[in-house]
> 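My questions all concern the structure below.
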Amino acid sequence: MSDFFISRSEAESNLLSCAAFVAERVGSGGDHAEAIAAVVEEYLKRGNVDMAAELANTVDDPFVRDRLLIAVAGKCASLDDDEYALQLADAIEEVGLQSRAREVIAREKAQKGDLETARKIADETMHPDEVLAAIAIRQAADGNIEAATETLAEIDYPASSVFALLEMADGSIAKGNSDKAAEYLENAAVIAEEIEHEEERIRTLVDVGHRLVEAGRNGKAVETFDRARAFGEELDNVHRDNLLSAVSVGFMHAGSVDLADRTLDMVNDKTQISTALLGFAREYARRGEMEDAFEALDEAYEVLRSQRDTETRDSKARFALFVSIAAQYAGFEKGERAIEIAEAIEDDTQSKAALSQIAVIMTREAKDELARQALNAIGDETQKVFALLGMHDAAAAAEPELAAGLLNEAAESIDDIEQLSPRANALNELAARAGKAKNEELFGDAVDRLLATVAEMKSGRTKAVSLASLASTIHELGLELPPEMTEKLGSITAQMR
């Protein structure tokens with residue numbers, strides 16, 4: 001008797017079933033778990049919790065299996081199948097993860113407004129604070145402020161209280177009630193100081209400070225950032241510079257240039273100094289102070305460029321920051337400077353990433369010549385195709401003819417991608433855009449080429465993941481696999497034993 005859930009006949013007639021058929025037969029270990037996870041995600045999107053649960057249970061790794069079962073339980077709760085959701089939670093052997101599953105179920109019920117059920121399930125969890133936070137958020141959203149306040153008082157973990165207050169503040173800001181938002185945020189600032197973990201306390205205060213600016217309470221924001229700075233000064237670990245840099249940007253956001261500069265003077269790591277200066281540049285630009293914005297951006301680049309290898313704590317972060325700076329120059333309509341900086345990045349992968357972003361930004365700004373210059377500088381065919389797809393997205397609304405040409409160019413270039421998995425990803429992205437543009441011919445061609453690419457793959461994992469991704473794309477477009485291509489699924493299933 002077979003232990004598989006998907007028959008060959010099902011797999012040959014349905015794309016997602018084909019992905020599951022392949023995933024089941026990958027074998028065991030990490031490849032099998034990854035393949036099954038990709039398929040389970042797609043079954044959950046369609047509300048097929050039974051198949052999702054059955055497939056999740058085939059995973060050998062208990063942590064991955066339980067994580068997938070938690071996701072299924074959450075989906076069941078969203079569909080109001082609470083009994084099955086709790087059955088799945090009970091099936092999880094590890095006590096902590098079993099409790100986590102109940103938290104997910106209870107949070108889902110709270111978000112749906114079933115607060116009675118949420119509270120009942122929360123009583124069965126090890127740490128109900130996240131559920132109580134979700135209940136308070138829903139109560140506030142429903143206008144039941146008194147009940148929300150009472151629920152907040154039940155929460156023991158300060159970070160959960162602050163999270164709820166931040167969400168409640170966001171809801172008030174969205175409704176235009178800045179006074180209520182400020183009240184929530186001032187309470188959040190007080191509670192945040194009770195968080196035991198120093199780094200989390202500082203990060204949380206910074207989050208509260210930024211929200212206070214959004215609520216129009218810059219003075220209170222400065223006070224909050226000042227408390228964060230005081231805690232940051234006391235740190236004696238590698239996180240000190242990172243956090244003080246974030247505080248410095250917070251002061252700038254709140255309008256205190258002097259405090260921003262004074263805080264930045266405490267930072268030693270040049271990557272973090274440059275990060276803050278980039279934040280300054282963006283803030284100046286937001287205010288329309290472009291001369292100061294360019295000055296800050298130039299300084300950010302020069303500081304980062306001056307950092308020696310012996311001074312660098314994290315090379316990956318440093319190169320990624322070069323990408324952000326190059327992209328910001330492009331955003332400030334300095335395309336040539338942006339390309340120059342991108343080409344100078346010593347890490348080849350990050351250099352290509354920067355050039356891709358610049359090509360997209362220049363397309364959005366209708367600087368087609370600079371966009372093409374950045375694109376041609378990329379070199380790598382895979383990155384170039386994804387850049388073309390991004391350029392298409394940037395042009396789609398304002399210049400549909402240019403967008404169509406870029407999409408066709410991407411389609412013509414995909415066969416130059418030698419590695420099968422990136423080629424399949426590119427074809428899936430092409431299919432998504434062609435389907436959205438209602439270009440049936442290009443959509444069908446992309447799907448046909450993707451299935452042919454999957455048939456070439458040796459790895460069952462990459463086959464399953466690619467098929468699941470295509471199934472997701474077609475489902476989200478509200479389309480079906482073209483009938484003439486269904487027969488290709490048979491050739492793929494025939495490769496699996």
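Hydrogens, waters and symmetry mates are skipped; everything else that's a heavy atom, side chains included, is used.
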> Take atom CZ of F163 as the centre, draw a 6.0 Å sphere, and report whether it contains more than 12 heavy atoms from other residues, nucleotides or ligands.
no
> For side-chain hydrogen bond (donor to acceptor under 3.5 Å, both in side chains), just list the numbers for S7 and E10, CA-CA rounded to whole Å, side-chain angles, deciding distance to a tenth of an Å, and then say yes or no.
CA-CA 5 Å; S7 68; E10 288 178 281; 3.2 Å; yes
> Quick one: salt bridge (charged side-chain N to carboxylate O under 4.0 Å, His left out) partners of E103, sequence neighbours excluded?
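Salt bridge (charged side-chain N to carboxylate O under 4.0 Å, His left out) list for E103, sorted by chain: R100.
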> I'd like to know if the side chain of S245 reaches the main chain of Q272, judged simply by a donor and an acceptor atom lying under 3.5 Å from each other, with no hydrogens or angles considered.
yes
> Is the backbone of V59 close enough, under 3.5 Å, to the side chain of R65 for a donor and an acceptor to pair up by distance?
yes
> Quick one: closest heavy-atom pair of V131 and A122, and the distance?
CG1-CB, 3.6 Å
> Decide yes or no on side-chain hydrogen bond (donor to acceptor under 3.5 Å, both in side chains) for E199 and N237, but give the supporting numbers first.
CA-CA 10 Å; E199 289 83 357; N237 58 37; 2.5 Å; yes
> With a 4.0 Å cut-off, would you call D265 and R262 a salt bridge?
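Between R262 and D265 there is no salt bridge, as every charged N stays at least 4.0 Å from the carboxylate O atoms.
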> Below 4.5 Å, heavy atoms only, C-beta onward: do T271 and L304 meet side chain to side chain?
yes
> Between the side chain of R217 and the main-chain N/O of A215, is any donor-acceptor distance below 3.5 Å?
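The answer is yes, because a donor-acceptor pair under 3.5 Å joins these two groups.
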> Taking R433 first and then E429, would you say they form a salt bridge - that is, a charged N and a carboxylate O separated by under 4.0 Å?
yes
> Any Lys/Arg nitrogen of D80 or K109 sitting under 4.0 Å from an Asp/Glu carboxylate oxygen of the other?
yes
> Provide the closest heavy-atom pair for L152 versus L165 in the form atom of the first, atom of the second, distance.
CD1-CD2, 3.7 Å
> Do S472 side-chain atoms and A468 backbone N/O form a donor-acceptor pair below 3.5 Å?
no
> S356 and A387: which non-hydrogen atoms are nearest, and at how many Å?
OG-CB, 3.8 Å
> Verify whether one side chain among S469 and N428 offers a donor that lies under 3.5 Å from an acceptor in the other.
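Their side chains do not contain a donor-acceptor pair, so the 3.5 Å distance test is not met.
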> If we count only N and O atoms by modelled type, under 3.5 Å, do the side chains of S324 and Q328 hold a donor and an acceptor together?
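No, because no side-chain N or O of S324 sits under 3.5 Å from a partner of the opposite role on Q328.
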> Counting N and O atoms only, with roles assigned by atom type, does the side chain of T493 sit under 3.5 Å from a partner on the main chain of E12, one being a donor and the other an acceptor?
no
> Go through the structure and list residues passing side chain to side chain contact (heavy atoms under 4.5 Å, CB included) with A437, not counting sequence neighbours.
none
> Can you check whether F251 reaches D258 side chain to side chain, under 4.5 Å on heavy atoms?
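A side-chain contact under 4.5 Å is absent here.
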> Looking at R227 and E223, would you say the former's side chain and the latter's main chain have a donor-acceptor pair under 3.5 Å?
no
> Of the non-hydrogen atoms in D129 and S160, which two are nearest, and what is the gap between them?
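So the minimum-distance heavy-atom pair works out to CB-OG, 3.7 Å.
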> Which value, rounded to the nearest 0.5 Å, describes the distance between R229 atom CZ and E234 atom CD?
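Rounded to the nearest 0.5 Å, the CZ-CD separation comes to 12.5 Å.
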> Do the charged groups of R119 and D123 touch, with an N to O distance under 4.0 Å?
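Between D123 and R119 there is no salt bridge, as every charged N stays at least 4.0 Å from the carboxylate O atoms.
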> Test your reading of the model: is there a side-chain donor-acceptor pair from N218 to the backbone of A254, 3.5 Å cut-off?
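At least one qualifying donor-acceptor pair exists.
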> For E440, does the CD atom sit with more than 12 other heavy atoms under 6.0 Å from it, leaving out its own atoms?
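12 or below, so no.
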> What closest approach, in Å, do A89 and I105 show between heavy atoms, and which atom pair accounts for it?
CB-CD1, 4.1 Å
> Show the nearest heavy-atom pair for residues C76 and A85, with the distance to one decimal.
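So the minimum-distance heavy-atom pair works out to CB-CB, 3.7 Å.
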> Taking the basic N atoms (NZ, or NE/NH1/NH2) and the acidic carboxylate oxygens, is any pair closer than 4.0 Å for R46 and E41?
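So R46 does not pair with E41 through a salt bridge.
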> So that I can tick it off, tell me whether D241 and K270 are bridged by a salt bridge, with the cut-off set at under 4.0 angstrom between side-chain N and carboxylate O.
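Salt bridge flag = no for D241 with K270.
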> Under a 4.0 Å threshold between the charged nitrogen and the carboxylate oxygen, would R138 count as salt-bridged to D142?
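Here D142 pairs with R138 in a salt bridge, since their nearest N and O are under 4.0 Å apart.
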> Output the distance between atom CE (M457) and atom CD1 (I492), rounded to the nearest 0.5 Å.
9.5 Å
> Ring of F322, cation from R318 - is the NZ or CZ under 6.0 Å from the centre and inside 45° of the axis?
no
> Any chance you could measure L185, atom CG, to L212, atom CG, to the nearest 0.5 Å?
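Here the interatomic distance stands at 4.5 Å.
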> Would you mind checking if E198 and R201 are paired as a salt bridge, meaning a charged N to carboxylate O distance below 4.0 Å?
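Not counted as a salt bridge, because no side-chain N and carboxylate O are separated by less than 4.0 Å.
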> When rounded to the nearest 0.5 angstrom, what distance separates CZ in R67 from CG in L97?
10.5 Å
> Is the side chain of S459 donor-acceptor paired with the backbone N or O of R461 at a distance under 3.5 Å, no angle test?
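Here the side-chain-to-backbone pair exists.
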> Just checking H475: does its NE2 atom have more than 12 heavy atoms from other residues, nucleotides or ligands closer to it than 6.0 angstrom?
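For H475, atom NE2 is crowded (more than 12 foreign heavy atoms under 6.0 Å).
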> Answer yes when R286 and E283 have at least one side-chain N-carboxylate O distance shorter than 4.0 Å, and no when they do not.
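Looking at R286 and E283, the cut-off is met.
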> Return yes if some donor-acceptor pair links the side-chain N/O of S274 with the main-chain N/O of A300 below 3.5 Å, else return no.
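Such a contact is found between S274 side chain and A300 backbone.
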> Please, which pairs that meet ring pair (Phe, Tyr, Trp, His ring centres under 6.0 Å) have at least one residue in residues 28-83, sequence neighbours excluded?
none
> Give a yes or no answer on whether the side chain of S256 reaches the backbone of M252 with a donor-acceptor pair at less than 3.5 Å.
no
> Could you check whether F225 and H210 have their ring centres less than 6.0 Å apart?
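Judged by ring-centre distance (under 6.0 Å), H210 and F225 do meet the cut-off.
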> Near Y157 OH, under 6.0 Å, is it more than 12 heavy atoms from other residues, nucleotides or ligands?
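For Y157, atom OH is not crowded (no more than 12 foreign heavy atoms under 6.0 Å).
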> May I ask you to establish whether K316 and F319 are in a cation-pi arrangement, using a distance under 6.0 Å from NZ or CZ to the six-membered ring centre and at most 45° from the ring axis?
no
> Would you please test E24 and T58 for side-chain hydrogen bond (donor to acceptor under 3.5 Å, both in side chains) and show each step?
CA-CA 8 Å; E24 284 192 283; T58 68; 5.9 Å; no
> Could you tell me whether D82 and K112 have a side-chain N and a carboxylate O separated by less than 4.0 Å?
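K112 and D82: not salt-bridged.
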> Can you confirm whether Q357 sits close enough to V323 that some side-chain heavy atom of one is under 4.5 Å from a side-chain heavy atom of the other?
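Yes; the side chains approach each other to less than 4.5 Å.
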> How long is the span from the CG atom in L132 to the CZ atom in R107, to the nearest 0.5 Å?
12.0 Å
> Give, for atom CG of N14 and atom CG of L489, the distance between the pair rounded to the nearest 0.5 Å.
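One finds 8.0 Å between CG of N14 and CG of L489.
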> Would you say CD of E480 has more than 12 non-hydrogen atoms from neighbouring residues, nucleotides or ligands within 6.0 angstrom?
no
